[in-house]
Amino acid sequence: MPIRVLVWNEGRDERNIPEARVLYPNGLHEAIAAPLRKSVDFTVATATFESQPDHGCTAEVLDATDVVIWWGHKLQREVADVVVDRLQQRVLDGMGLIVLHSAHFSRIFKRLMGTSCSLKWRVTENEREILWVTRPGHPIVAGIDDHFILDHEEMYGEFFDVPEPVETLMISSFSGGEVFRSLCTWQRGMGKVVYFRPGHETFASYHDANVLRVIENAVRWAAPTVDSKRANFGKKTKDWLDAAGS
Ligand code: ZN
């Protein structure tokens, strides 16, 4: 069974910011979704803030989703309560969630973390980010060398106000000397949660092969397993088990 992925993106910056429009003419969500669509291991849907109803995150959609990838920025506070509640419940039931870049301030991530999720930041044209692998051998960093470099990114610096991650898989250093826990995992209920830092809308990070590989690896890792499905009870679980042929 393919992993059913929903790539959710606010979808506003690519229309309003010229540099973002040039880099991501079809939206950040399409830049992230397109490489996943090349694999038979995934079925990929997309939604944006303006998708109707419920920003494209209805119960029906999420019931048919194994992993959500979430990118948000200026509209995060306007995401509807019903959507945040639904996402939270689905993660607790076992759905995977990959939170990207400025979505550290998304309502769903803050809800799941229970902390402010604040950090330091700076945007300049010449900020170089080096992402260092701190857990070699982990499936989310499979195929990644001991580090990779993004020549242009926004700086995010510690302190990143999140609960201590279960795993810290990459740490970034920046031109200004700051460091940041860039790739972290948590578990909430039966669901796996991943935060991955790169992805400022005016830089080309979602065209970088290493960034896309980490995202694909994270989707595979965060997808519900038969065991996590079996630990739940109710109709949804039964459907999942039926679908998994077990
Ligand atoms: Zn940014």
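Order of listing sets the numbers, starting from 1, for every ligand and every atom in it. Sequential numbering from 1 along the given sequence is applied to the chain's residues.
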- Message: Taking the cut-offs as 6.0 angstrom to the six-membered ring centre and 45 degrees off its axis, would you call K192 and W221 a cation-pi pair?
- Response: yes
- Query: Can you tell me if H200 has an N, O or S atom under 2.8 Å away from the Zn ion (ligand 1)?
  - Reply: yes
- Message: So that I can check it, does any N, O or S atom in E201 come closer than 2.8 Å to the Zn ion (ligand 1)?
- Response: no
- Task: Please confirm whether F109 and Y195 have ring centers closer than 6.0 angstrom.
- Result: yes
- Rounded to 10°, the OE1/E154 to the Zn ion (ligand 1) to NE2/H101 angle comes out at 90°
- Query: Could you state the interatomic distance from CZ (F196) to OG (S205), rounded to the nearest 0.5 Å?
  - Reply: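 F196 atom CZ to S205 atom OG measures 8.5 Å (nearest 0.5 Å).
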- Message: Once you measure the plane-to-plane angle for Y156 and H101, does it fall in the parallel (<30°), tilted (30-60°) or perpendicular (>60°) bin?
- Response: parallel
